[in-house]
Amino acid sequence: MVSVGSADRYLPDTVQQAVKILVVGAFGVGKTTLVGSVSEIAPLRTEEVMTEASVGVDELAGLEGKTTTTVAMDFGRVTLSSRLVMYLFGTPGQRRFWDLWEGLAEGALGVLVLIDTRRLEDSFDVLEQLEIRGLPFAVAINQFPDSERYAEEELRGALDLLPETPIVLCDARDRVSSVDSLITLVEHVSGLGAARRSEAVS
Ligand SMILES: Nc1nc2c(ncn2[C@@H]2O[C@H](COP(=O)(O)OP(=O)(O)OP(=O)(O)O)[C@@H](O)[C@H]2O)c(=O)[nH]1
Ligand SMILES: [Mg+2]
């Protein structure tokens, strides 16, 4: 059970393990939204208002309500069980900030990759960066109202994912849905996901 509210700003004494998770994805896929919707502490944000200088550089099609962008990182915390706490680090989406990944990824257990299927090709470079850096990841498809719906196998093929890489649908604005994606990632990196799947098959 995930706890919320100001009374839970302090960690319970039962917490024995803290893990670091990175939330990555192309520009405007909903990383800041996801960290904000799951965090039980007021999330740290480094948003800057986008200026005319970003016109033609940061593609805003489908993101008409978006006026700010992350320039350093998002930070949040979620207690996944009485014993496990997760610290979330959201990265900036634009390519020009990718050097920051190096530092942010240090010590991370795994990476949640958010993807907007309306701009699937923006995610190819992100996935490639993860492969180059050898970081374990799960993919969460952030469904926007006007996103076309694709079958999992179609998305897996288009993104060229390995069969064992988890892929889940989520709504980054929804706490339960976002937490579910994070649980899928943790199960995957801890090997629990594979154990569950083989149980289901046998
Ligand atoms: N409809 C809908 N809108 C969303 C969803 N997630 C995010 N948004 C909106 O989409 C826009 C982009 O979200 P952000 O959370 O800023 O995206 P980001 O990935 O942090 O963006 P950068 O840091 O600039 O790369 C915002 O205007 C959000 O309100 C979603 O699941 N559904
Ligand atoms: Mg952001």
Side-chain angles (χ1 to χ4, degrees), residues 2 20-78 86-105 108 110-130 133 135 137-150 152 155 159 167-185:
V2 175
K20 176 179 178 181
I21 297 292
L22 221 55
V23 179
V24 308
F27 172 68
V29 290
K31 302 175 294 290
T32 300
T33 305
L34 182 133
V35 173
S37 67
V38 298
S39 186
E40 62 211 9
I41 50 171
L44 167 76
R45 290 184 173 153
T46 57
E47 295 294 284
E48 289 292 343
V49 173
M50 289 186 287
T51 63
E52 288 202 356
S54 73
V55 172
V57 179
D58 299 331
E59 188 46 68
L60 276 168
L63 298 172
E64 283 71 19
K66 186 167 167 65
T67 54
T68 64
T69 187
T70 306
V71 293
M73 66 168 189
D74 303 302
F75 176 72
R77 187 189 82 196
V78 56
M86 188 184 261
Y87 290 98
L88 299 174
F89 292 76
T91 57
Q94 297 101 312
R95 226 177 270 229
R96 58 185 180 276
F97 292 124
W98 275 358
D99 284 347
L100 288 171
W101 279 35
E102 215 64 67
L104 286 174
V111 181
L112 187 70
V113 188
L114 270 182
I115 284 178
D116 177 350
T117 54
R118 298 171 305 174
R119 296 173 298 128
L120 205 61
E121 60 288 350
D122 291 2
S123 302
F124 296 160
D125 287 345
V126 172
L127 291 167
E128 195 187 328
Q129 284 296 314
L130 292 173
R133 290 158 205 256
L135 294 163
F137 63 90
V139 169
I141 306 291
N142 189 17
Q143 296 270 25
F144 287 78
D146 58 337
S147 298
E148 236 182 272
R149 304 295 190 248
Y150 299 97
E152 180 187 321
L155 289 169
L159 295 167
I167 177 165
V168 289
L169 295 181
C170 87
D171 180 338
R173 299 163 304 173
D174 181 86
R175 180 183 175 79
V176 173
S177 161
S178 301
V179 168
D180 277 350
S181 318
L182 291 166
I183 291 173
T184 301
L185 169 65

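Ligands are counted one by one from 1 in listed order, and the atoms in each one are counted from 1 as well.
- The two residues Leu100 and Pro92 come nearest to each other via the heavy atoms CD1-CG, 3.8 Å.
- For the pair Val29 and ligand 1, the shortest N or O to N or O distance falls below 3.5 Å.
- Nearest heavy-atom pair across Glu47 and Asp74 is OE2-OD1, 4.0 Å.
- Of the N or O atoms in Thr91, none lie within a sub-3.5 Å distance of an N or O in ligand 1.
- Remark: side-chain polar atoms of Asn142 are not paired, donor with acceptor, to backbone N or O of Leu114 under 3.5 angstrom.
- Without hydrogens or angle criteria, Lys20 side chain to Leu104 main chain gives a donor-acceptor distance under 3.5 Å.
- Under the 3.5 Å distance criterion, the side-chain polar atoms of Arg77 are left unmatched by any main-chain donor or acceptor of Ser39.
- Ligand 1 is never approached by Met50 to a heavy-atom distance shorter than 4.0 Å.
- The Mg ion (ligand 2) lies at 2.8 Å or more from every N, O or S atom belonging to Thr33.
- Between the side chain of Arg149 and the backbone N or O of Ser147 there is at least one donor-acceptor pair closer than 3.5 Å.
- Under the 3.5 Å distance criterion, the side-chain polar atoms of Thr46 are matched with a main-chain donor or acceptor of Met73.
- Between the CG atom in Leu120 and the OH atom in Tyr150 there is a gap of 7.0 Å [rounded to 0.5 Å].
- Here's the thing with Phe27: none of its N/O atoms is less than 3.5 angstrom from an N/O atom of ligand 1.
- Lys31 N, 3.4 Å is the protein heavy atom nearest to atom 18 (P) of ligand 1.
- At the top of the distance list for atom 13 (O) of ligand 1, counting protein heavy atoms only, stands Thr33 OG1, 3.5 Å.
- Residue Asp74 has no N or O atom closer than 3.5 Å to an N or O atom of ligand 1.
- For atom 1 (N) of ligand 1, the candidate residues are Pro92, Gly36, Pro145; the nearest heavy-atom contact is made by Pro145.
- Protein heavy atom at the shortest distance from atom 6 (N) of ligand 1 is Asn142 ND2, 3.2 Å.
- Gly30 N, 3.1 Å is the protein heavy atom nearest to atom 17 (O) of ligand 1.
- In terms of protein heavy-atom proximity, atom 23 (O) of ligand 1 is nearest to Thr70 OG1, 2.8 Å.
- Ranking protein heavy atoms by distance to atom 24 (O) of ligand 1, first place goes to Thr69 OG1, 2.5 Å.
- Remark: among candidates Lys66, Gln94, Arg173, the nearest residue to atom 22 (P) of ligand 1 is Lys66, based on non-hydrogen atoms.
- A distance-only check finds no donor-acceptor pair linking the side chain of Lys31 to the backbone of Phe89 [under 3.5 Å].
- Counting protein heavy atoms under 4.0 angstrom from atom 26 (C) of ligand 1 gives zero.
- Ranking the protein heavy atoms by distance from atom 8 (N) of ligand 1 puts Phe144 CE2, 3.6 Å first.
- At distances below 3.5 Å, not a single donor-acceptor pair connects side-chain atoms of Thr33 with backbone N or O atoms of Arg173.
- Dense packing is recorded around CZ of Arg133, with more than 12 heavy atoms of other residues, nucleotides or ligands lying under 6.0 Å away.
- Counting protein heavy atoms only, atom 11 (C) of ligand 1 is closest to Leu63 CD2, 4.0 Å.
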